[in-house]
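So the structure is just underneath, and the comments pick up after that.
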Amino acid sequence: MARQGVTPRSEDYARWYTEVVQMAELADYAPVRGCMIIRPYGYELWEAVKAGLDRRFKETGHRNAYFPLFIPMSFIQKEAEHVEGFAPELAVVTHGGGKELEEPLVVRPTSETIIGHAFASWVQSHRDLPLLINQWANVVRWEMRPRLFLRTTEFLWQEGHTAHATAEEAMEETLRILDIYADFAERDAAVPVIKGRKSAQEKFAGAADSYTIEAMMGNFWALQAGTSHFLAQNFARAFDITYLDASNQLEHCWTTSWGVSSRMVGGIVMAHGDDGGLRLPPVVAPIQAVIVPIWRSDDDRGVVLEAAHRVTETLRADGVRVHLDEREGLTPGFKFNDWEMRGVPLRIEIGPRDVAAESVVLVRRDRDGKEAKSAASVTAIEDRVRDLLDAVQQSLLQQAAEFRDAHLHEASSLDELRDIVSTGWALIPHCGTKECELSVKEETKATSRCFPLDRNPEWNPSGLSCGVCERPALGYAYFARAY
RNA sequence: CGGGGUGUAGCGCAGUCCGGUUAGCGCGCCUGCUUCGGGAGCAGGAGGUCGGAGGUUCAAAUCCUCUCACCCCGACCA
């Protein structure tokens, strides 16, 4: 028999990823290179990411707004480092309404510039600060090597943009958002992350400092899952975002920007998936529990379906995202495999024996074999399901954290680093210079992911030198292969 | 943009070297019957401008030229 299902993850990780994304109906390739069609199941996963983040933003005083897709070319050029960083990946509109435009329009790669322009007119007084804005939008960055969700030419994201009176407040905001990202990743997506500061080489074009949450994927590669930037006064100067302080002095604002993209969906897939396909954390899973009815005879069929509908309604009323698989002509075995491939956290089997016993069989996706199965009475089924969903959520986080921790190692030389990054991340004292980092990449394919905050209580500690080039170290940095 | 590869039914492929009936196979799809607690069986059926354009030839999926798209590996990035 021909192999069914996806290529096992252990056999070919890259192939497994593209197959599982398509077979689980998260996304399809689009007719335009680098672009993707996000299908309902994938979009529902993105909507869960959105909901988790949006709630947290609003709880901390941010408000949503929407800024234009098109940005005047001259705006992009106002901040020197920004334009240098983004120029190679801009999509530019030169014609509109059948005529060549006076000034080309850039399809936004990010919105610091156009939002800076708006902020300049909105902020006059220290009483207007802080200004806390977020937008949910699509952006375009011309990509040479796309991968579904992880790197596409057009992608979905949120971008927060804030303006503050002082550097201290802006830095607090930058780190507050980093905490929000980490909290979302761990509690909702069950993806453990390392919070850290980006090197000069890896930071956002135009930022004074960039911070990141880095997650480990199943092939040990790192995924930058969210970034928060301290922009200092770089964009405030470029766009004249100024305010009068309490002593009537005209000052430039201090701004921040921060984003999480649809890449997070790819991160969830890669952090949790196994040989059989997806494994989704219940908090973000579009379908938390699927009910598979089983029958032999037509008599059984009616009775079983009736019971299945009752359980469906009970769970739905309790707020569980439950789906009853009533498809005809497919065996239960096929359905089991199908829903496992799609990552549904909990399966509920209901057959004639269960109906007779007023019970159901519950199977959790995060375990294998007999360990995964349990029986439960239909009375108070909702409590049992809730408990199990909580357990799966915790277990996926724990499995991911244990996997990651087992693959973090310390290095003190380039040779050790090279050895480690084939199966993990290497923590090494690092000078943080572009020159040194590029040489590491040249020799090992690994890049600096971040200077983890919890391993660097102080910067430029005395007596610590770079493990690669011997220059004074900025601190300890993780190096890894990265998406 | 450099290197490698692939375009034949919804998906996966054979056929291409060496041109020759009506272009096959598996899965999926449709209909019917039997099935159903871990990827069902039998029977019947639908579905193709062989990526596109030129050319060679009595004859092209097959040979030649050009072109387009996608995938994998490298240099940039959420």
Side-chain angles (χ1 to χ4, degrees), chain A residues 1-7 12 14-15 17-19 22-23 28-35 84-90 109-110 137-159 181 198 201-205 210 212-215 222-229 257-267 276-277 292-298 300-301 304 325 327-341 347-355 359-361 363 368-370 372-373 375 438 441-442 445 447 482-483:
Chain A
M1 185 188 289
R3 180 169 64 199
Q4 306 186 44
V6 295
T7 298
D12 184 337
R15 189 162 167 193
Y17 177 76
T18 53
E19 283 185 9
Q22 290 174 87
M23 290 181 67
D28 266 344
Y29 287 103
V32 178
R33 176 184 160 74
C35 294
E84 189 188 337
F86 280 103
E89 43 187 330
L90 294 181
T110 179
N138 57 336
V139 289
V140 168
R141 299 179 186 178
W142 219 256
E143 285 297 341
M144 307 197 206
R145 230 185 109 204
R147 278 171 184 277
L148 295 170
F149 287 109
L150 301 174
R151 201 189 300 107
T152 48
T153 289
E154 178 189 8
F155 58 92
L156 306 180
W157 77 345
Q158 58 72 215
E159 49 178 325
Y181 285 166
K198 282 294 190 186
Q201 172 68 24
E202 292 286 324
K203 79 175 174 63
F204 175 74
S210 287
T212 177
I213 52 169
E214 297 284 328
L223 184 78
Q224 178 175 307
T227 47
S228 185
H229 312 294
S257 68
W258 25 276
V260 161
S261 74
S262 39
R263 164 182 277 189
M264 179 66 82
V265 173
V292 177
I294 298 154
W295 60 77
R296 285 179 196 280
S297 66
D298 278 349
D300 286 345
R301 182 173 182 276
V304 164
D325 187 353
R327 287 178 293 177
E328 301 278 351
L330 295 175
T331 62
F334 180 91
K335 292 179 179 180
F336 297 167
N337 286 285
D338 192 45
W339 291 111
E340 280 167 10
M341 188 267 291
R347 179 174 76 240
I348 303 173
E349 304 175 5
I350 302 179
R353 295 204 295 268
D354 303 302
V355 175
S359 68
V360 299
V361 172
V363 185
D368 290 321
K370 282 190 175 169
K373 288 199 183 192
L438 286 172
K441 187 177 184 184
E442 183 82 10
K445 293 184 178 175
T447 52
Y483 278 103

Distance between C1' atoms of B/C68 and B/G54 (Å, rounded): 14 Å
Write down the partner of B/C11 under the Watson-Crick or G-U wobble criteria, each distance required to be under 3.5 Å. B/G26
Find the partner of B/G74: check Watson-Crick (N1-N3 plus N6-O4 or O6-N4) and G-U wobble (N1-O2, O6-N3) distances, both under 3.5 Å, and reply none if neither fits. B/C1
Could you check which of B/C36, B/G37, B/G39 has an atom nearest any side-chain atom of A/D338? B/G39
Taking every non-hydrogen atom, the tightest pair across A/M23 and A/M341: O-CE, 3.4 Å
So, the side chain of A/Y483 versus the backbone of A/G267: is there a donor-acceptor pair under 3.5 Å, distance only? no
d(CZ, A/F334; C1', B/C27) in whole Å: 10 Å
For nucleotides 3-6 of chain B, print each protein N/O atom paired with a nucleotide N/O atom at under 3.5 Å, atom names and distance only.
none

Sub-3.5 Å donor-acceptor pair from the side chain of A/T153 to the main-chain atoms of A/W142, do we have one? no
May I ask you to decide if A/F149's main-chain N or O and A/T152's side chain share a donor-acceptor pair within less than 3.5 Å? no
Got a donor-acceptor contact below 3.5 angstrom from the A/D354 side chain to the A/G351 backbone? yes
Could you tell me which non-hydrogen atom of A/P352 sits nearest to which non-hydrogen atom of A/I294, and how far apart they are? CD-O, 3.1 Å
Using whole Å, report how far CD of A/E328 lies from P of B/G32. 11 Å
Please answer whether the main-chain N or O of A/P109 pairs with a side-chain N or O of A/R141 as donor and acceptor at a distance below 3.5 Å. yes
Both distances below 3.5 Å, Watson-Crick or wobble geometry, any strand: find the nucleotide opposite B/G19. none
Looking at B/U56, which nucleotide sits across from it as a Watson-Crick or G-U wobble partner, both distances under 3.5 angstrom, or is there none? none
What pairs of nitrogen or oxygen atoms, one from the protein and one from nucleotides 7-9 of chain B, lie under 3.5 Å apart?
none

Rounded to the nearest angstrom, tell me the gap between atom CZ in A/R347 and atom P in B/G37. 12 Å
B/U16 and B/G24: how far apart are their C1' atoms, nearest whole angstrom? 14 Å
Contact class for A/V260 (heavy atom, under 4.0 Å): base, sugar-phosphate, or nothing? nothing
Can you check the distance between B/G37 and B/U49, where both ends of the measurement are the C1' atom (answer in whole Å)? 49 Å
Length of the line joining A/R327:CZ and B/G28:C1', which is rounded to integer Å: 13 Å
Take atom P in B/U31 and the same atom in B/A46, then report the distance between them in whole Å. 15 Å
Separation between the P atoms of B/C70 and B/C64, rounded to whole Å: 25 Å
When the C1' atoms of B/C11 and B/G19 are considered, how many whole Å apart are they? 30 Å
With sequence neighbours left out, the residues meeting side-chain hydrogen bond (donor to acceptor under 3.5 Å, both in side chains) with A/Q224 are A/K198
Sequence-aligned protein contact record of nucleotides 71-78 of chain B, with B where the base is within under 4.0 Å of a protein heavy atom and S where only the sugar-phosphate is: S-SSBBBB
Look at the side chain of A/R301 and the backbone N and O of A/R296, then say whether any donor-acceptor pair between them is shorter than 3.5 Å. no
Rounding to an integer number of angstrom, what distance separates B/C33 and B/A69 when you compare their P atoms? 50 Å
Would you mind pulling out the nucleotide paired to B/A69, Watson-Crick or G-U wobble, both distances under 3.5 Å? B/U6
Nearest-angstrom distance, P atom, B/C27 to B/A43: 12 Å
Can any side-chain N or O of A/S262 pair as donor or acceptor with the backbone N or O of A/L156 at less than 3.5 Å? yes
Set out, line by line, the N/O atom pairs under 3.5 Å between protein and nucleotides 44-47 of chain B.
none

How close or far is atom C1' of B/C70 from atom CD of A/E19, stated in whole angstroms? 16 Å
State which residues pass side-chain hydrogen bond (donor to acceptor under 3.5 Å, both in side chains) with A/Q158; sequence neighbours excluded, sorted by chain then number. A/N134, A/Y181
Could you identify the nucleotide paired to B/G47, looking across every strand shown and requiring Watson-Crick or G-U wobble geometry with both distances under 3.5 Å? none
When rounded to whole Å, the CZ to P distance for the pair A/F336 and B/G38 reads 6 Å
Would you mind reading off the distance between A/W295 atom CH2 and B/G38 atom P, rounded to a whole angstrom? 15 Å
Nucleotide opposite B/C33 in a Watson-Crick or G-U pair, distances under 3.5 Å: B/G41
Contact class for A/R301 vs. all strands (heavy atom < 4.0 Å): base, sugar-phosphate, or nothing? nothing
Minimum heavy-atom distance A/E214-A/A222, with the two atoms named: OE1-CB, 3.9 Å
Looking at every non-hydrogen atom in both residues, tell me the closest pair between A/P88 and A/E84 and how far apart they are. CD-O, 3.7 Å
Sub-3.5 Å donor-acceptor pair from the side chain of A/E19 to the main-chain atoms of A/T7, do we have one? yes
To the nearest angstrom, the CG-P distance between A/D354 and B/C36 comes to 16 Å
Classify the nucleic acid contact of A/E340 as base, sugar-phosphate or nothing, counting any heavy atom under 4.0 Å across all strands shown. base
To check you understand the geometry: which heavy-atom pair defines the closest contact between A/P146 and A/G34, and what is its length? CG-CA, 3.5 Å
Run the salt bridge (charged side-chain N to carboxylate O under 4.0 Å, His left out) check on A/D338 and A/R327 step by step: do they pass? CA-CA 12 Å; A/D338 192 45; A/R327 287 178 293 177; 3.0 Å; yes
